[in-house]
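Working notes for the structure below.
Chain letters run A, B, ... following the sequence lines, proteins first and then strands; every chain starts at 1. Any value given below was found using the heavy atoms of this structure, including those in side chains, with hydrogens, waters and symmetry copies removed.
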Amino acid sequence: MKQTYYPQEIEKKWMKYWDDNKVFKTENNSDKPKYYALSMFPYPSGKLHMGHVRNYTITDVIARFKKANGFNVLHPIGWDSFGLPAENAAMKHNADPEKWTDENISYMTQQLKMLGLSYDWDREVTTCKPDYYKWTQWIFLQLYKKGLVYKKEAAVNWCPDCGTVLANEQVIDGKCWRCDSEVEKKYLSQWFVKITEYADELLKDLDLLTGWGDNVKTMQSNWIGKSHGAIFRFPVIDAPSGEKMEVPVYTTRPDTVHGITYLVVAPEYKDIEKLTTAENKQAVEEYRANARKMSEIERLSTDRTKTGVPLGTHCKNPFTGETFPLWTADYALVEYGTGAVMAVPTHDTRDFDFAKKYSLPMKVVIQNPQNPSNCETEAYTEEGVLINSNEFNGMKNTEAKKAITQKAVDEGFGEFKTQYRLRDWLISRQRYWGAPIPVVYCDKCGIQPVPEDQLPVLLPKDVDFSVVGKSPITTSPTFKDTVCPVCGGHATREMDTMDTFICSSWYYLRYADANNDKECFNKDIVNKWLPVDQYVGGIEHAILHLLYSRFFTKALRDCGLLDFDEPFKNLLTQGMVLKDGSKMSKSKGNTVDPDEIFENYGADTARLFILSDSPPARDFDWSDAGVEGCYKFLNRVWRLVATNAENINLNYQLSSQLAKDNDDLVRAVHMSIKGITNDITNEFQFNTVISKYRELVNAIYDWQNLKMRSCGAACGSKTAGNEHSTAAVVTEAGAQGTEQSLIAQADNSYLTDEDKNVLSFAIISMLKLMSPVAVYLTEEAWHELGGEGSIHDQPWCKWDENLAKSSSITLVVQINGKVKDKIEVDAEISKEDMEKQALNSEKIKALTDGKTVVKVIVVPGKLVNIVVK
RNA sequence: GCUCCAGUGGCGGAAUCGGUAGACGCGUUGGACUUAAAAUCCAAUCGGGCGUAUAACCCGGUGCCAGUUCAAGUCUGGCCUGGAGCACCA
């Protein structure tokens with residue numbers, strides 16, 4: 001075995017070996033229990049970044065740990081390979097996005113292999129390949145058949161830079177999630193997926209997700225935004241046309257209905273023109289035009305003072321008989337509720353601001369009896385008792401909500417209503433590089449789905465990527481015209497492609513049965529592998545991908561394609577990789593290229609470091625010194641094995657009676673096995689796992705130093721050369737027992753047979769424990785020591801509970817809760833002896849002298865606390 | 001404004017049940033080895049008492065203020081600070 005660690009050499013060798021021999025292939029059939037470990041698959045942007053390295057290393061270690069613990073592990077990878085960057089790159093260089101994507105995939109595949117990830121590459125899925133998107137289209141058709149996909153004209157989010165519409169979830173602070181440009185409103189006819197039909201189940205089932213962090217669940221719950229309230233319909237008394245009209249409103253505060261002093265409709269409200277008088281028409285039109293012009297950001301800003309104009313018409317409040325004016329104001333949103341708001345300025349801060357500005361009347365209807373408020377300076381939004389509310393006076397407002405709504409129900413002008421903030425998912429994209437939406441528009445028969453036997457609808461190749469302002473797909477001379485599957489007449493194809501989040505909403509199902517060309521996946525196989533036991537990925541998908549995937553699972557379940565309710569049992573959202581306190585990004589120029597780390601230190605160092613300093617869920621601060629430290633540690637591990645290779649026997653025998661120092665080392669190993677196993681099992685605390693690796697390695701070195709020292713004393717000084725050409729001498733000063741002196745003892749003649757057995761046990765255990773992280777080093781060492789097969793097929797180490805603790809403990813003696821003395825005692829000491837020893841300590845005697853011992857608390861195996869007065 | 005998370009040395013972070021605060025590492029300092037360096041190894045490293053050193057000892061200390069307890073980084077209540085998410089959703 002070479003005395004020096006050359007990671008580049010051994011890593012290249014094993015990478016090729018594992019790849020050629022498909023070492024990590026997973027069979028669907030096995031007697032072992034299944035375990036599905038999944039990383040969020042990457043977009044093939046060109047190169048891996050450190051976020052990927054962190055994500056995939058975490059999942060890989062989990063997969064390897066589970067495999068060693070007897071599970072049949074599914075650990076797949078693939079490519080979320082449709083999307084804008086490919087198309088933009090193609091436009092820039094007038095090339096084919098497929099070629100760009102393929103090149104990126106092949107480069108990144110090499111990087112993933114280099115990183116030593118234990119993927120079953122036979123299950124690789126690539127969403128932009130026809131053998132995958134055929135099934136994406138097929139699933140679209142199933143949802144269409146079920147009525148979960150529909151087309152409608154709506155105000156949609158338009159990103160001018162990307163030249164396409166976006167889903168609500170893809171608009172962050174009024175900006176496009178991908179390119180950060182300001183989103184505009186457009187009225188377009190678009191395809192939607194009815195995610196709202198599952199709003200309630202998506203919310204309710206969050207409770208089933210005990211393996212998810214509360215932060216993600218809260219975000220989803222807020223996004224779904226369920227609220228309970230009522231719909232009231234207010235008759236219009238003076239509609240200009242003389243028509244009998246009513247304005248329905250949704251409110252969560254039916255208890256305040258007697259306090260309405262005006263009503264607001266959104267500028268885009270559908271009946272607004274019919275509700276505007278001739279005198280007010282011009283002002284209303286101007287206001288609406290202005291609202292249209294305004295950007296989303298401007299409009300949604302809560303800092304902006306509210307504006308609005310009266311329509312000139314009025315409604316009657318059926319509860320009071322009072323009439324109140326109608327206004328339009330842009331603080332009412334057309335997409336939410338009914339697009340109209342009943343305004344109660346006394347009990348709603350927004351209505352209050354608006355009423356103040358336009359001097360609208362106010363009427364107090366809820367009061368805290370202990371501390372009544374006239375609502376002159378601010379709205380009272382807390383609980384209280386009703387006043388000025390006819391027969392409801394004196395009722396608690398929480399009860400009045402129900403009673404008042406019930407009255408509206410009984411009298412026919414209202415109902416109970418549950419409302420969601422969640423909107424349907426807009427999935428049309430006016431772009432080329434996505435899965436074509438499989439429908440045609442027949443001149444006679446209208447919208448017709450493409451028959452399943454005609455799938456996939458392939459992306460045309462004869463397109464011009466240099467066009468500006470429209471989708472390249474529209475330039476294809478062959479794509480557009482087709483025949484109607486119903487009447488055989490002329491039809492045109494849908495030119496829009498699907499949101500790539502559709503593709504990524506079912507890829508984790510495809511992995512279970514990735515090469516099936518008869519169906520999207522076999523139901524039994526998917527039921528066997530799913531749900532995913534551990535999903536690992538970035539928090540940025542807390543809503544987008546994770547909500548869509550949950551929806552897909554439920555929808556596909558209802559299509560009869562699978563039998564479970566939730567796709568991801570446990571979710572680990574890993575923190576960001578930072579450099580100098582901020583997120584690594586090209587624009588900040590603080591990125592670290594994984595290739596450079598592989599080249600300079602090797603993949604094992606990269607893996608070790610990315611796990612070492614922070615727990616997975618927290619942000620990770622990259623430091624070059626930290627990498628260096630990990631590299632040094634692996635060198636230290638290597639030297640430990642290399643210098644002892646001669647003395648390590650894979651078939652070591654441990655006797656039950658060992659010399660004290662040997663017993664201590666054996667115990668240290670058992671403690672490491674226990675600690676490391678527990679740390680991985682509990683929340684994947686890899687940072688402490690790595691601390692424990694270091695502790696174990698330190699313990700083995702310390703043991704060796706001890707052996708050396710006793711030998712140095714017994715057999716005198718020795719010198720010897722070695723590969724480092726550092727000939728060292730064991731001198732009295734060197735009673736420090738330096739590592740050189742150990743290396744110098746190349747013949748290791750100072751070790752007894754018992755020593756060698758203990759050392760073998762320690763080093764073999766160390767290698768097995770480290771094998772999920774330092775995958776290459778441990779494999780190489782395993783073989784150098786004569787190990788058969790792969791160390792990655794070895795079962796996980798077991799510990800003996802009796803040996804997983806040290807033979808002595810430090811008894812802590814406190815007086816009134818403060819540590820005053822520490823005594824080394826036997827680990828098996830009785831409670832009585834603990835107390836006796838503590839009270840007999842000279843220090844304690846001195847300190848308690850002349851005081852009264854009130855109480856003595858003994859915590860077995862830990863401490864004694866003496867309470868004195 | 002609402003929701004969630006976090007606050008521990010110079011830094012990253014440890015600390016199953018409330019039971020020795022600061023594991024492990026980085027950095028720094030000193031030392032061994034070397035002609036010298038690199039590498040490696042050994043030691044020290046929360047603050048104060050304590051500006052000669054060494055050893056020993058004492059006191060304080062986990063964002064702040066209270067509380068529970070023999071005992072609080074850990075539990076309870078109230079604040080402060082930072083981060084993330086949502087945000088005119090009626």
Fill in: In B:C75, glycosidic geometry as syn within 90° of 0 or anti otherwise
anti

Worksheet item: So among A:F633, A:W622, A:Y601, which one has a ring pair (Phe, Tyr, Trp, His ring centres under 6.0 Å) with A:F609?
Response: A:W622

Item to complete: Please work out if A:S623 contacts a base, only the sugar-phosphate, or nothing of the nucleic acid, heavy-atom cut-off 4.0 Å.
Response: nothing

Discussion item. Using a heavy-atom cut-off of 4.0 Å across all strands, would you classify A:A542 as base, sugar-phosphate, or nothing?
Written reply: nothing

Worksheet item: Just checking A:N698: base, sugar-phosphate only, or nothing, at a heavy-atom cut-off of under 4.0 Å?
Response: sugar-phosphate

Item to complete: Between B:G25 and B:A15, how far apart are the P atoms? Round to whole Å, please.
Response: 16 Å

Discussion item. Check whether A:K217 reaches the backbone of A:L209 with its side chain - one donor and one acceptor, N or O, closer than 3.5 Å.
Written reply: yes

Worksheet item: Which whole number of Å gives the distance between the P atom of B:G7 and that of B:G13?
Response: 10 Å

Practice prompt. May I ask you to say what A:T349 touches in the nucleic acid, namely base, sugar-phosphate or nothing, with a heavy-atom cut-off under 4.0 Å?
Written response: nothing

Item to complete: Examine distances only and state if a side-chain atom of A:T852 and a backbone atom of A:V854 form a donor-acceptor pair shorter than 3.5 Å.
Response: no

Fill in: Separation of the P atoms in B:U20 and B:U16, to the nearest angstrom
10 Å

Item to complete: Sticking with atom P, work out how far B:A38 lies from B:G30, rounded to a whole angstrom.
Response: 13 Å

Worksheet item: Phosphate oxygens OP1/OP2 of B:A71: is one of them under 4.0 Å from a side-chain N or O of A:K855?
Response: no

Discussion item. Taking only the P atom of each, what is the distance from B:A21 to B:A6 in whole angstrom?
Written reply: 24 Å

Worksheet item: Should the pair A:E378-A:K356 be classified as a salt bridge under the 4.0 Å nitrogen-to-oxygen rule?
Response: no

Worksheet item: Base, sugar-phosphate, or nothing for A:Q685, non-hydrogen atoms under 4.0 angstrom?
Response: sugar-phosphate

Worksheet item: Quick one: is A:Y250 getting a side-chain N or O under 4.0 Å of the B:A90 phosphate, OP1 or OP2?
Response: no

Fill in: Nearest-angstrom distance, P atom, B:C65 to B:A44
34 Å

Worksheet item: OP1, OP2 of B:A23 versus side-chain N and O of A:R694: anything below 4.0 Å?
Response: no

Fill in: Under 3.5 Å: donor-acceptor pair, side chain of A:T252, backbone of A:G229
no

Worksheet item: Checking all strands, does A:K692 fall into the base, sugar-phosphate, or nothing category for heavy-atom contacts under 4.0 angstrom?
Response: nothing

Item to complete: Please state the P separation for the pair B:G61 and B:G67 - nearest whole angstrom.
Response: 15 Å

Practice prompt. Ignoring hydrogens and angles, tell me if any N or O in the side chain of A:S623 forms a donor-acceptor pair with the backbone of A:G626 under 3.5 Å.
Written response: yes

Worksheet item: According to a strict under-4.0 Å criterion, is A:N687 in side-chain N/O contact with OP1 or OP2 of B:A23?
Response: no

Item to complete: Check RNA chain B for consecutive Watson-Crick or G-U pairs with both distances under 3.5 Å and list the runs of at least three as stems.
Response: B:1-7 with B:80-86, B:10-12 with B:24-26, B:27-32 with B:40-45, B:46-49 with B:57-60, B:63-67 with B:75-79

Worksheet item: So, is A:Q220 close to the B:U3 phosphate, meaning a side-chain N or O under 4.0 Å from OP1 or OP2?
Response: no

Worksheet item: Does A:W223 use its side chain to pair, donor to acceptor, with the backbone of A:L422 at less than 3.5 Å?
Response: no

Fill in: Distance, C1' atom - from B:G60 to B:G22, rounded to whole angstrom
15 Å

Discussion item. Given A:Y262, which partner from the list A:Y358, A:F324, A:F354 fulfils the ring pair (Phe, Tyr, Trp, His ring centres under 6.0 Å) test?
Written reply: A:F354

Worksheet item: Hey, would you say the A:F232 and A:F319 ring centroids sit under 6.0 Å apart?
Response: yes

Practice prompt. Give a yes or no on whether a salt bridge exists between A:D348 and A:R253, defined as a side-chain N under 4.0 angstrom from a carboxylate O.
Written response: no

Item to complete: Looking at every strand, decide which applies to A:K217 at a 4.0 Å heavy-atom threshold: base, sugar-phosphate, or nothing.
Response: nothing

Worksheet item: Can you tell me if A:D424 uses its side chain to pair, donor with acceptor, with the backbone of A:I195 under 3.5 Å?
Response: yes

Worksheet, complete the sentence: d(A:K851 NZ, A:I815 CD1) to nearest 0.5 Å is 7.0 Å

Heteroatom pairs (N/O) under 3.5 angstrom, protein to nucleotides 17-20 of chain B:
{"residue": "B:G19", "atom": "N2", "partner": "A:N865", "partner atom": "ND2", "Å": "3.4"}
{"residue": "B:U20", "atom": "O2", "partner": "A:K822", "partner atom": "NZ", "Å": "2.8"}

Discussion item. Tell me which residues in residues 605-615 of chain A lie within less than 4.0 Å of RNA chain B, going by non-hydrogen atoms.
Written reply: A:D613, A:S614, A:P615

Practice prompt. Could you pick out which residue, A:N215 or A:N678, lies toward the 5' side of RNA chain B when each is mapped onto its nearest nucleotide?
Written response: A:N215

Worksheet item: Using 4.0 Å as the upper bound for N to carboxylate O, is an ion pair formed by A:R292 and A:E268?
Response: no

Practice prompt. For A:K226, answer base if it contacts any base atom (sugar-phosphate contacts may also be present), sugar-phosphate if it contacts only those atoms, and nothing otherwise; contact means non-hydrogen atoms under 4.0 Å.
Written response: nothing

Worksheet item: Can a side chain N or O of A:R636 be found less than 4.0 Å away from OP1 or OP2 on B:C41?
Response: yes

